[in-house]
Amino acid sequence: MEVIMPKMGESVNEGTIIKWYKKKGDTVKRDEVIFEISTDKVDTEIPSPADGVLTDIKVKEGETVEVGTVVAIIDANGEVSEQSDTSEEKNEAVSEKPVEQSEEEEQTETQTEESEKKETVSVDEIVEITMPKMGESVMEGTIIKWYKKVGDKVSKDETIFEISTDKVDTEIPSPEAGVLAEILVNEQETVEVGTVVAKLSVSGSISKSKPAEKKKEEKQQPAAEKPKEEPAAMHDNFASASVSHDEEKQLKEDVGFLSPLVLSIANKEKVRPDELKSIKGTGIDGRITKKDILSYLENRSAKPSEKVESKSDADYKPSEPKMEPVAFSDSVEKIPMDNIRQKIMQHMVASRDTSVHVSAMLEVDMTRIHKFIQKNKDEYMRRENIKLTYMPFIAHAVVKGLKEFPLMNSAIEGNSILVKHYVNLGIAVAIEPTGLIVPNIKGAGERNILGLAKAINDLAYRSRNKKLSPDDISGGTFTITNYGVFGTILGTPIINQPEVAILGVGTVVKKPVVVEADGVDTIAIKPMMALTLSHDHRLVDGMLGGRFLKFVKDTLESFDERKM
């Protein structure tokens, strides 16, 4: 029976295997969980469709495949099917020795075979840990910190390293118990999703030996015909630089292993082999990291006349005058942006260039809500263990407004409008020291004020403790950003794509306002709050934006604690 990647939603076209709970040869029961998947909508455990034996696993952990792809095979008869090539290997292994073979040669061959068997077992007990896929559009991740070093014992599900992506920062647990045998990606290195970042020895011993099969192939193959170990992309890059085979071989020895990400950058920027040779790597064993090659490119662009010459461009002469890089004084510190800040920068620029931003602002009298909070905050802390703030009241008013004006809860796709008949309310959360993330409350339209308060507190806690899942930060329909928590009175927020509006909340300030009592104007001190709505004028014009904002204001000012 074929087990396929299930379809977990109308718009879900692929899924990522997060974890296999069973291994090849294990007996499984119907409805017993056999693996876990992650999609852009949900993370979920997948049960077995029938009783039997798991005879084949076709998709490894960390791999992403399309919906409908066969990921495993279950034999309902309960027998593990043997691969045809396995029996052939066994037949080849039982080969007749030549008559002329001496006892010494026989003993040597026996020792070699035993050694190879041991090495095979050792390799089979090594688990590769890859850079996980933390969202549909996430293609790479940065190792922020290693919590374990080579040789350390780790338990299953114990945190071994922390990563940063453009969606979320999170801690990655160990898939198995064992010993950390090798670290392949250093801290602050960025690699593509699926890249092996470490190796775990499940047996508890560290072995760097090669598989027996590989050694056997090398033994049978003449030395002159041994396959090259360099990746194809590396070979293509060398070939484009017109170097000889001997030079290429020598260069490989000098440069060492290059990751696919570094190779991609080198090919894209036309970095020649002799230039790669000149780059000093800061990674493990002197490997060239993404940071190293980007730093080299930055310096190269600043000094075009000092470009290293090779046989292919020996006659190259720069047309521009020599430019010296700007020297930084002791009073200026140059700090490279971390991964999160770079992604925030890219997203903000993309939003500015996508939506036609228009902002509208009004003030809200928060007297009724202010009095309710002051009167009941201790009771809610004792009874519900939540700190009662203005935010859940604002969120509730926004949800009601989105139901009243559904175009505010939509997105633009080409020349079509996608109106969402559900509310996933995004709440912007500031992360120390300079980060920002927008998780969203799923099904916010079905929650009351207390339910929203609990959800907001939960999202804030998990955001600041790196406990968010990809599902928490995807699928939002409208966003609230509360810069008032820092004392800011007014702001003009940038829309969180692909949404069409965002509400900015200023701090609540007591100020004198004019009020009418019995037809007479008078001045009173009231807690006032500024709300700013930034909306996409491609869809939301001034009338719609103004009516929505006024609805939110009226809802807040007419708060009735009896309906709490």
_For Phe548 and Phe405, take the angle between the two ring planes, folded into 0 to 90°, and tell me which bin it lands in: parallel under 30, tilted 30 to 60, perpendicular over 60._
perpendicular

_When you compare the side chain of Met1 with that of Pro49, does any pair of heavy atoms fall below 4.5 Å?_
yes

*What pair of heavy atoms forms the shortest contact from Ile495 to Ala501, and how long is it?*
CG2-N, 4.0 Å

*Which atoms form the tightest heavy-atom contact between Phe35 and Ile4, and what is the distance?*
CZ-O, 4.5 Å

*Closest non-hydrogen atom pair between Gly15 and Met5, with its separation*: O-CE, 3.5 Å

*For the side chain to side chain contact (heavy atoms under 4.5 Å, CB included) test, which of Val398, Asn482, Thr481 pairs with Leu503?*
Val398

_Does any part of the side chain of Lys58, heavy atoms only, come nearer than 4.5 Å to the side chain of Val71, both counted from C-beta?_
no

*Does Val197 reach the side chain of Met131, with side-chain heavy atoms less than 4.5 Å apart?*
yes

_Give me the atom names and distance for the closest heavy-atom approach of Ser410 to Leu407._
OG-O, 2.6 Å

*Please walk me through it: do Glu128 and Lys60 pass salt bridge (charged side-chain N to carboxylate O under 4.0 Å, His left out)?*
CA-CA 10 Å; Glu128 292 184 340; Lys60 296 179 181 179; 5.5 Å; no

*Could you check if a side-chain atom of Ile57 sits within less than 4.5 angstrom of a side-chain atom of Lys22, using non-hydrogen atoms only?*
no

*Under 3.5 Å: donor-acceptor pair, side chain of Asn465, backbone of Lys467*: no

_Side-chain heavy-atom pair Ile431, Ser463 within 4.5 angstrom cut-off_ = yes

_So does Trp20 get a backbone contact from the side chain of Glu61, meaning a donor-acceptor N/O pair under 3.5 Å?_
yes

*Out of Ile456, Asn424, Asp458, Asp472, which residue meets the side chain to side chain contact (heavy atoms under 4.5 Å, CB included) rule with Ile441?*
Ile456

*Determine the minimum heavy-atom distance between Gly52 and Ile74, stating which atoms define it.*
CA-CG2, 4.1 Å

*Side chain of Asp541, backbone of Leu544: donor and acceptor closer than 3.5 Å?*
yes

_Evaluation steps, side chain to side chain donor-acceptor pair (under 3.5 Å), between Glu32 and Ser48_ = CA-CA 5 Å; Glu32 181 182 10; Ser48 172; over 6 Å; no

*Looking at side-chain heavy atoms only, is the closest gap between Val179 and Lys153 below 4.5 Å?*
yes

*Would a distance-only check, ignoring hydrogens and angles, find a side-chain to backbone donor-acceptor pair under 3.5 Å from Ser174 to Ile160?*
no

*Which one of Thr479, Leu533, Val438 satisfies the side chain to side chain contact (heavy atoms under 4.5 Å, CB included) criterion with Ile502?*
Thr479

_Minimum heavy-atom separation for Arg538 and Ser355, please, with both atom names._
NH2-OG, 3.9 Å

